[in-house]
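Below you'll find the structure, written out as structure tokens, and then a few comments.
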2 protein chains.
Amino acid sequence: MTVFDVEQLLNDHGVKPTPQRAVITDYLVHTHSHPTADDVFAAVAEKLPVPLSRATVYNTLNILVEHKVVQEVHTEPGKTRYDANLSDHHHFVDSVSGEIIDVSLENISHMPVSLSKDFLDGKFELEGYQITFFGKKKN
Amino acid sequence: MTVFDVEQLLNDHGVKPTPQRAVITDYLVHTHSHPTADDVFAAVAEKLPVPLSRATVYNTLNILVEHKVVQEVHTEPGKTRYDANLSDHHHFVDSVSGEIIDVSLENISHMPVSLSKDFLDGKFELEGYQITFFGKKKN
DNA sequence: ATTCATGCAAAGCATTTGCACATAA
DNA sequence: TTATGTGCAAATGCTTTGCATGAAT
């Protein structure tokens with residue numbers, strides 16, 4: 001994805017592209033590492049010809065989440081991670097390192113999952129679900 | 001579950017029962033509200049004849065997690081919630097209020113879920129999974 | 001005696017906010 | 001010029017830590 005495409009992506013989601021936002025989004029779109037805000041800051045700060053503050057990173061990430069360009073992933077206490085994989089997928093979390101690995105739908109049996117009418121019973125409107133697998137990554 | 005049973009439960013999991021730990025555990029075992037550490041502190045402080053500090057609540061919750069008496073639930077940024085429902089179950093999160101509702105296995109279709117051999121491929125050892133449904137609770 | 005739990009206050013992180021400056025339409 | 005984005009630093013909120021006291025074995 002080129003810088004132009006990133007600007008397109010931002011425009012498509014109603015986010016005004018700025019140099020900072022473009023570089024942050026570009027980084028997120030090209031990584032599978034589910035970075036934290038600080039990971040993003042560290043990776044992007046050196047790429048930008050202009051200074052970059054943590055506040056801008058946090059602001060940008062929140063805007064990208066609000067506009068559904070990326071999604072938050074919560075697997076560990078105290079850390080919010082970001083995922084720009086826009087395809088329908090789930091996650092495998094290594095219980096030792098905390099590393100998050102994407103799991104595409106074709107790697108999961110017995111999909112899709114749904115809630116019984118008995119549970120929903122006119123009381124809940126189901127919008128989606130997220131499966132977090134956990135286990136150990138072997139060496 | 002009586003106080004005696006709570007002490008039994010703690011002993012069974014290798015946690016030395018103290019008054020604070022017993023009352024905290026008792027509270028967790030009897031609620032379905034998935035409380036935060038602060039919720040626990042607020043609910044338990046007034047029940048105890050002795051003073052209770054937040055540090056003790058945090059210490060105790062971490063010990064209970066380590067000894068698998070309760071589990072952490074992460075659905076929102078910046079908040080760790082605790083769940084003493086020891087049965088196999090999943091969660092529904094109200095996307096408006098953040099409220100977490102337990103979903104027992106019989107309320108889910110297409111269970112159990114598993115990962116394909118292709119994904120695991122000798123590289124991952126699957127220990128379990130957690131499904132987080134999200135949507136709106138109707139009034 | 002020795003070990004371990006507790007309380008308090010201080011410290012630590014991740015994240016948000018207030019405000020001034022810079023930028024773009 | 002009007003609105004919006006950015007940077008900096010201060011503030012906030014949740015959680016952990018250090019240390020002294022207190023209880024239990």
Side-chain angles (χ1 to χ4, degrees), chain A residues 6-7 10-11 13-28 34-67 69-82 98 100, chain B residues 6-7 10-11 13-28 34-67 69-82 98 100:
Chain A
V6 169
E7 293 189 359
L10 291 175
N11 280 319
H13 286 80
V15 180
K16 187 200 286 186
T18 68
Q20 286 87 344
R21 290 176 180 176
V23 180
I24 289 170
T25 306
D26 184 74
Y27 174 70
L28 288 170
H34 306 82
T36 62
D38 213 61
D39 294 336
V40 174
F41 176 78
V44 164
E46 57 191 26
K47 289 186 192 171
L48 265 181
V50 293
L52 175 67
S53 76
R54 278 186 170 72
T56 298
V57 173
Y58 281 103
N59 285 338
T60 299
L61 290 171
N62 287 336
I63 289 168
L64 294 179
V65 170
E66 282 164 24
H67 290 79
V69 179
V70 303
Q71 64 173 156
E72 297 183 335
V73 182
H74 307 288
T75 54
E76 303 168 273
K79 295 194 176 182
T80 300
R81 295 181 172 276
Y82 295 88
I100 301 173
Chain B
V6 168
E7 293 189 0
L10 291 175
N11 279 319
H13 287 79
V15 180
K16 188 202 288 186
T18 67
Q20 286 87 345
R21 290 176 180 175
V23 180
I24 290 170
T25 305
D26 183 74
Y27 173 71
L28 289 170
H34 305 82
T36 63
D38 213 60
D39 294 335
V40 173
F41 176 77
V44 164
E46 57 191 29
K47 290 186 192 171
L48 264 182
V50 293
L52 175 68
S53 76
R54 279 189 169 69
T56 298
V57 172
Y58 281 103
N59 285 338
T60 299
L61 290 171
N62 286 336
I63 288 169
L64 294 179
V65 170
E66 283 164 23
H67 290 78
V69 179
V70 303
Q71 64 173 158
E72 296 182 335
V73 183
H74 306 289
T75 56
E76 302 167 274
K79 295 193 176 181
T80 300
R81 295 181 172 277
Y82 294 88
I100 302 173

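Basis for what follows: all heavy atoms, side chains included, without hydrogens, waters or symmetry-related copies. A, B, ... follow the sequence lines: proteins, then strands. Residue 1 opens every chain.
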Q | Partner of B:Asp38 by salt bridge (charged side-chain N to carboxylate O under 4.0 Å, His left out), out of B:Arg54, B:Lys79, B:Arg81 | A | B:Arg54
Q: Could you tell me whether the side chain of B:Asp39 and the main chain of B:Thr36 form a donor-acceptor pair under 3.5 Å?
A: yes
Q.
Taking 4.0 Å as the cut-off, does a side-chain nitrogen or oxygen of A:Tyr58 come that near to OP1 or OP2 on C:dT15?
A. yes
Q) What does A:Arg21 touch in the nucleic acid at a heavy-atom separation under 4.0 angstrom: a base, only the sugar-phosphate, or nothing? A) sugar-phosphate
(Q) Considering every strand and a 4.0 Å limit on heavy-atom distances, what is the contact class for A:Asp38: base, sugar-phosphate, or nothing? (A) nothing
Q) Hey, which of these two, B:Asn59 or B:Pro77, hits DNA chain C nearer its 5' end, going by closest nucleotide? A) B:Asn59
Q: Quickly work out the A:Gln20 CD to C:dA22 C1' distance and round it to whole Å.
A: 11 Å
Q. So, is A:Thr80 near the phosphate of C:dT15, with a side-chain N or O under 4.0 Å from OP1 or OP2?
A. yes
Q: Rounded to the nearest angstrom, tell me the gap between atom NZ in A:Lys16 and atom C1' in D:dG5.
A: 7 Å
**Q.** Main-chain N/O of B:Leu52 paired to B:Thr56 side chain as donor or acceptor, under 3.5 Å
**A.** no
Q: Take atom NZ of A:Lys79 and atom P of C:dC13, then tell me their distance rounded to the nearest Å.
A: 11 Å
Q | Separation of atom CD in B:Glu66 from atom C1' in C:dA5, rounded to whole Å | A | 14 Å
(Q) From CG of B:Leu61 over to P of D:dC14, roughly how many Å is that when rounded to an integer? (A) 14 Å
Q: Measure from CZ on B:Arg81 to C1' on D:dT15 and round the result to the nearest Å.
A: 16 Å
Q. Are any side-chain N or O atoms of B:His74 and backbone N or O atoms of A:His74, one a donor and one an acceptor, separated by less than 3.5 Å?
A. no
Q.
So does A:Ala55 get a backbone contact from the side chain of A:Asn59, meaning a donor-acceptor N/O pair under 3.5 Å?
A. yes
Q) CD1 of B:Ile24 versus C1' of C:dT6: gap in Å, rounded? A) 11 Å
Q: Using a 4.0 Å heavy-atom cut-off across all strands, classify B:Thr36 as base, sugar-phosphate, or nothing.
A: nothing
Q.
Quick check: on DNA chain D, is the nucleotide nearest B:Ala37 upstream (toward 5') of the one nearest A:Ala55, or the reverse? Name the residue that is more 5'.
A. A:Ala55
Q. Separation of A:Leu64 atom CG from D:dG5 atom C1', in whole Å?
A. 14 Å
